[in-house]
Every structure is written in structure tokens, then in C-alpha cells.
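Reminder, nothing fancy here: chain letters follow the sequence lines and each chain counts from 1.
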Protein chains: 2
Amino acid sequence: MDIREIARRAKVSTATVSRAINHVPTVDPQLAKRVWKVVDELGYYPNTQARALVSGRSRIFGLIVSEITNPFFPEIVQTFENLAVENNYEILLTSTVHDPKRMESSVRRMIERRVDGVAILTFGMEDTLLDHLRFRKVPLVFVDVGPNAPGIVNIRINYLNGIRQAVQHLAALRHTRIAFISGPSNLKSAIARRAAFKTSMTEIGLPADLIIEGNHQMDGGMKALLEFNGLSNPPTAVLCSNDMTAIGVMREAYDQDIKIPNDLSVIGFDDIRLAEFTIPPLTTVQMSQMELAKIAFQALLNEVQRESPSLERSEHELTTTLVLRRSTGLAPPGRHTAKPRKGTAGSRIP
Amino acid sequence: MDIREIARRAKVSTATVSRAINHVPTVDPQLAKRVWKVVDELGYYPNTQARALVSGRSRIFGLIVSEITNPFFPEIVQTFENLAVENNYEILLTSTVHDPKRMESSVRRMIERRVDGVAILTFGMEDTLLDHLRFRKVPLVFVDVGPNAPGIVNIRINYLNGIRQAVQHLAALRHTRIAFISGPSNLKSAIARRAAFKTSMTEIGLPADLIIEGNHQMDGGMKALLEFNGLSNPPTAVLCSNDMTAIGVMREAYDQDIKIPNDLSVIGFDDIRLAEFTIPPLTTVQMSQMELAKIAFQALLNEVQRESPSLERSEHELTTTLVLRRSTGLAPPGRHTAKPRKGTAGSRIP
DNA sequence: GGGTGAAGAGAAAACGTTTTCCACCCCGGT
DNA sequence: ACCGGGGTGGAAAACGTTTTCTCTTCACCC
């Protein structure tokens, strides 16, 4: 059942059918109605491949994430998909699992399917792959790691804002030994978070010397806490590069019978949905996944709809902010920390 | 840059280029090499739409899940994708969010993109939508809810096995008042789980009267626990229709200062990755997401590769099994429960 | 040495649309 | 009455492949 079948039955040409279906205004309403009637009767669906072939636009956006399995991403994928269906787009999702091979195959698949644009939500990309895409003039959206080139839009994350809030919150609770569990050091976003931690600490005259590299997964958090506790003077608060890590440290704390927040304060990063449901509920730095997805999609759409390639590189910013829950409290007394003057150690924050 | 460009530069016909690229054995190795050289030099990628148009096969599988945001699914999506790239397939992911409208648009999108098959991992599907797909002879894979028709493969989940183990585990720990928090009652898989709970209880002579309908989300679990505790004689153990629900009840228990497992035992269902990292680690019924994804994908592939439509409807079974962690313990003494004879109430299971 | 067959490569048709170009009709203006 | 022009719809080209069909070449056998 193709467009010709419809044309035959509606006694018009295929051109008219095409026009009717695409709501071209010049077609006679009478005819259009006749066409739609047949279309509905037969349950005709246009063949997207043929459409794409001739129009040159596939109406597919690529979405490259580093790990769909990390709860940070499904939320993004969901809103991205919502926006896609609203705009009659399809999304081609690939998850690189931090594997350069996979990254390459992702890009290849995107190009083969002739995507109209790609949002890259992962740690950068090898230049040679990038060139493949740029060569084909595929609009690209990066978060943070995009190169400084025309036609590439970058979404800058303001990590410092939220992380500074977190550090100052901890300092206000009399913590002085504040540790940081970073993400893998080949991940640019992880590096940026760590840097934000360092400057936040330095700003208020605290040493940023308690840093261990995790892996943005739960076991990384568990191992890191173990290591911190082996120290002669362990931290009383730990800030994590993402929420998964924080969940790991809370889990290890439970095993070690360290009470949170009484004995240890922990703060996460991302504010995944689950953070509200951990035990105790996790204080964390929010980086809105919905917002991020919306900005990325809209940027892609803009890029596609403008016919002339954009000259000015557009920049968007997404800020981060601390959300208080119940995993942080006053620093416990003793252990080289400044003595609290009033209030119960470990009491819940108001 | 199209196939003709390659043909011209390699001084062969487009037919030969096509054959070379597709590794048709009859092409002279000499020529093939010449073609590949040009292909690599120019970075040529065949146009998938054109390919699909003429060959009639899109090399796309549809994957319909109910909620990508539920941690049960990303795992599935990931292995599905892995298998897809291995087999040179693409996947078209849609998340219905339990909305019939979305379901319809999902199906429409699948058909428009001419998918070679669809795996439906969600609560059934309206018959009329189903007919659209069947009419077009799209191979379909369902889990549990598929109609009994030729050409449709069903993956049956053996819920009873795991749930019976869970119930008997609880009974062995002297629990007699065992509650169940079900999923939404319009969800067939939720109904099946509840039924399995009932028969498991009846089998061992326990009443299955403590059942509340949740929503397979965390807040549903929280509300349900609250409701149970309003009872004059609350349950000492609760079995949940999925892990999210269990996480909700553990969270609410934390708020109410009910200790798990000392005061209350809880068991989940699914064994999502996170279950290992809850506090305490969650005893749950495992339903392997990887296994499920593998079976589904393989079934689709089989269906596509056989040219004759399958006459026998194929059935696959996936079983479930209890995995013990630390959210269950001996029933607390008193409160109308059978008195434990030895061992400390609430002691951890070995 | 001529006929037969196989192997390899090219020409061209086909896939299902969109879009360009052209023909037609009808209207109003001169 | 004739011409110009705007609006409408059809014929056909185009998109980039795969695949069928045909042609050439060459080896082999009688």
C-alpha cells in the first residue's frame, strides 16, 4: 500500500496525495478530504525512508549518552523523547559505556542513518570522529566539552555555583575536614567538578587535600569511604562527584555502623530522582536533567530550522544549586574539628 | 558523496561498488580492493534510507517500554542495544509512560519507520493497535501479555517460582502476617505477581488478606506502609510487587523509626542493580533483565531471519528466584505472631 | 575450431516519496 | 474578443541504493 494506491482510489495524482498529506495550502479542500478519507480507510502510513531520501531530512536526532544505566540519564532520555514526538522527530539513542570503540560505532551509525543533528552528553569526543560529523555539517550540541567552533553549540554547566553552596553549607555546620570523591579523571565534567571543589575550599581558607578518585559508581564510593576511614584523621564530611557515589558511601557507612548525618555528613551531585528516597534522604547539588534535555533539544531544533549555518556560536548556561535534605548535620565534636558552640552535634538541619 | 562518486573514482559501475561494499563473493578481489580504497579515502558511508527503501528491510527494531525512568528498564535497553550493534541493527526506543495516547503514537512511529520487528515490554496493548502491526506482518515479541496468535512470540515469566520462595522464606522466619503491596491493577504483570502471592500464601495455609494496591513507584510504597501501620494488627513482613515500592517502604520505615529487618522484613521484586545498595541491602526476587533482553532480541532476530512466517507460536520462559540480602529477619515476638523459640528476633539471616 | 558454460561486470529497473515544471482553467482587464 | 495572470493539479524527474537482467570474456571440452 503506497501513495500510488491512494492516488488511484482517490482518483488524483500522487502529487496531490503528497500535498494533501503534508497540508500544503494550495490543494482544494474538497480533494484533500477525498484523499484523507482513503488514507484513513486503508490505514496508510507514509514510508519515512522514501521521504527522507528525497527531502534530505531524516527527522532523526542522535542522542549519545555515556551510560543509560546511570540514573542520571533516563530522565534526560525521557524528556528528550517527549520533545521529539511533539516535533515529529525520532531519536537514535546510543550509550557509549565509556568505550572509544563504541563511541566510534555510535558516530558511524548516526551518519549512516543521516541524523539531522546530534546531542552529545558525554565526556568529549575524539577529534577525528568529530571531524566526520563536522564534515557532513551535522549540527552538534555538546555539554561543556565542545570545541570552540562555528556551528557547534555548547551548554556550559556552572558547577561552581552549586558546589560552592555545598562547601559553604558544610563549613557553616563546623566541618573543617571536608573530603571529595571525584569521578574518573578522564571525564571532563568530573574534572570540572573537582576544580570547583578546590576553588570553593580555597576561597574559605580550607585545605582541599582530601581527594580520592572514584568512578561515579556506587562501589567507587564504598571504596573511597573505606580509604578515608583508614586515615589517622578522617574527614567529617564528604562531597561526592555524583549521587551514585554518595549512595555508595552511605551504604558503606551503614556497613561500618557510621551514622549519617551524626557521624558523617555526605553530599551528592546531580539530584537524581532517587536522591529523595535514600536513607537518609540525600542533600545534593541539583543539575536539572529536564532543563538540560530541553536546552539541548531546543538548540538542535534551532540549528536545523535555520537554513543558513549559524555564524555566531551560541552558548547556553545551566546553573547548579544545592538542595538540602537530611544527609548533612553539625560536625561531630572532637577529632580535631572546631568545637561547636551550641546545638546538638548531628542534629538535623532545619 | 554517493555511490556514483565512488564508482566514478574507482572506475567501475555502481553495481560493482554495491557488491564490493556488501562483500558479495563474486566480485574480483582486485576490484574490491580498489573500491574499498576509494571508500576509505572519501569516508563514504552508505545511505541507509536508500538501502532500506530498495531492500525493504530497515534494520531497525522497535523497543517499547513502559517507563525508561524505572531503573528496571535501562538495563534492558543497554543489553538490547549491545545486541543490536553486534547485529547491525538500530533500535527505536519509545517509552509509553502508561499513556494510551503515547502507546498509539509509538506504534505509529514504528510503522512509519518500517521497523523489522517490535519488542513490547509493557502491559499489553489495545487490540486495534495490535492489528495495525499484525496487518503489516511485523514480527512481535511480548512478555506475558501477547495474544495467542501465530507469528507472535511470547516470553512467559514464571512469577510463582520466585514469589513462592519469598513467601516461604518469610514463613520460615516465623512471619505469619505477611502483606503484599501490588502494582497498579491495570498492569497484567502486576496482576500475575499478586496472584502468585495469593497462591503461595494459600499453599501454606496463611491468609492472603493484607493486600494494598501501590503504583510501582516509591511513593506508593510509602503510602502503603503508612496504611498497614494504621491497622490494629500490622504485618511483620511485606512483599512488594517491585523494588521501587520496596525502596519506598524502607524509606517510610526510616521516617517512622521502624527498624529493618528487626521490626519489619521487606522483600522486593525485580532485583534492579540498586537493590544491592539500599539500606539495608534488599532481599528481592530476581528477574534477570539481561536474560529478558537477550531472549527478546534473539526471538526478534529469529523471526526476521526466517523468511516463511512461523507457524508454530514459539514460547520462551524466564524464571524468577529469590536472592537473599539483609532486609529480612526473624519475626519480632508478640503482636499475635507465633513466638520464636530460639535466636534473637530480628537477627540477620546467615 | 566451434560450441557450451561459467564467471564477472555493467546497464537499467525498481523502491516510495517530494518537488519542479508545465498545462490547464478561469478570471479580470484592455 | 483577446491577452495576462493567478491558482490548481498532473507528469515526470530526482533522491541513493540494490538487484535483475544482459553482455562480454574466457576456459574447457568434444
Side-chain angles (χ1 to χ4, degrees), chain A residues 1-36 38-39 42-60 88 90 108-109 111-116 136-137 307, chain B residues 1-36 38-39 42-60 88 90 108-109 111-116 136-137 307:
Chain A
M1 167 183 19
D2 57 8
I3 202 177
R4 282 170 300 213
E5 178 73 16
I6 307 295
R8 208 172 312 131
R9 301 217 190 190
K11 304 212 185 311
V12 295
S13 73
T14 63
T16 305
V17 176
S18 173
R19 286 191 268 250
I21 287 179
N22 293 300
H23 300 106
V24 173
T26 69
V27 58
D28 184 284
Q30 192 78 15
L31 276 194
K33 202 185 275 179
R34 219 162 75 209
V35 169
W36 276 109
V38 180
V39 166
L42 295 198
Y44 163 77
Y45 290 46
N47 183 323
T48 325
Q49 349 253 25
R51 276 187 164 178
L53 186 56
V54 46
S55 73
R57 318 249 270 84
S58 63
R59 299 201 77 86
I60 300 181
N88 279 309
E90 219 55 71
R108 170 168 206 108
R109 295 195 283 152
I111 296 180
E112 282 182 348
R113 298 277 169 188
R114 297 298 191 272
V115 295
D116 291 343
R136 287 174 179 75
K137 310 216 186 312
E307 57 294 339
Chain B
M1 167 183 19
D2 57 8
I3 203 177
R4 281 170 301 214
E5 177 72 15
I6 307 295
R8 207 172 312 132
R9 301 218 190 190
K11 304 213 186 310
V12 295
S13 72
T14 62
T16 304
V17 175
S18 173
R19 287 190 269 251
I21 286 178
N22 293 299
H23 299 106
V24 173
T26 67
V27 59
D28 183 282
Q30 192 77 17
L31 276 193
K33 201 185 277 178
R34 218 162 74 207
V35 169
W36 276 108
V38 179
V39 166
L42 295 199
Y44 162 78
Y45 290 46
N47 182 323
T48 324
Q49 349 252 25
R51 278 188 163 178
L53 187 55
V54 47
S55 73
R57 318 249 269 84
S58 63
R59 299 201 77 87
I60 300 182
N88 280 309
E90 218 56 70
R108 171 170 205 107
R109 295 196 283 151
I111 295 180
E112 282 182 349
R113 297 278 169 187
R114 297 296 191 273
V115 295
D116 291 344
R136 288 173 178 74
K137 308 215 187 315
E307 57 294 339

* **salt bridge (charged side-chain N to carboxylate O under 4.0 Å, His left out) between R109(A) and E112(A), worked out** => CA-CA 5 Å; R109(A) 295 195 283 152; E112(A) 282 182 348; over 6 Å; no
Report yes if the side chains of [X] and [Y] come closer than 4.5 Å at any heavy-atom pair, otherwise no.
X	Y	value
R19(A)	L31(A)	no
L53(A)	N47(B)	yes
R59(A)	T48(A)	no
L42(B)	R9(B)	yes
R113(B)	S58(B)	no

d([atom1], [X]; [atom2], [N]) in whole Å:
X	N	atom1	atom2	answer
N47(A)	dT18(C)	CG	C1'	13 Å
R57(A)	dA14(D)	CZ	P	22 Å
L53(B)	dC15(C)	CG	P	9 Å
R51(A)	dG16(D)	CZ	P	18 Å
R4(A)	dT18(C)	CZ	P	12 Å
I3(A)	dA11(D)	CD1	P	14 Å
Q49(B)	dT18(D)	CD	C1'	15 Å
E5(B)	dT17(D)	CD	P	11 Å

* Determine: side-chain N/O of Y45(B) to OP1/OP2 of dG16(D), distance under 4.0 Å, yes or no. => no
* To do: Establish, with yes or no, whether the OP1 or OP2 oxygen of dA9(C) is under 4.0 angstrom from a side-chain nitrogen or oxygen of T16(B).
  => no
* Using a heavy-atom distance cut-off of less than 4.0 Å, which residues of residues 18-29 of chain B contact DNA chain C? -> R19(B), T26(B), V27(B), D28(B)
* To do: Would you mind telling me which residue lines up with the more 5' stretch of DNA chain C, K11(B) or T14(A), judged by nearest nucleotide?
  => K11(B)
* Want to settle it: does A15(A) or V17(B) sit nearer the 5' end of DNA chain D, counting the closest nucleotide to each? -> A15(A)
* Which listed nucleotide (dG10(C), dG10(D), dT17(C)) is nearest to the side chain of S13(A)? -> dG10(D)
* Among dT19(D), dT18(C), dT17(D), the one nearest P46(B) by side-chain distance -> dT17(D)
* Asked: How far apart are the closest heavy atoms of A7(B) and V17(B), and which atoms are they?
  -> CA-CG2, 3.6 Å
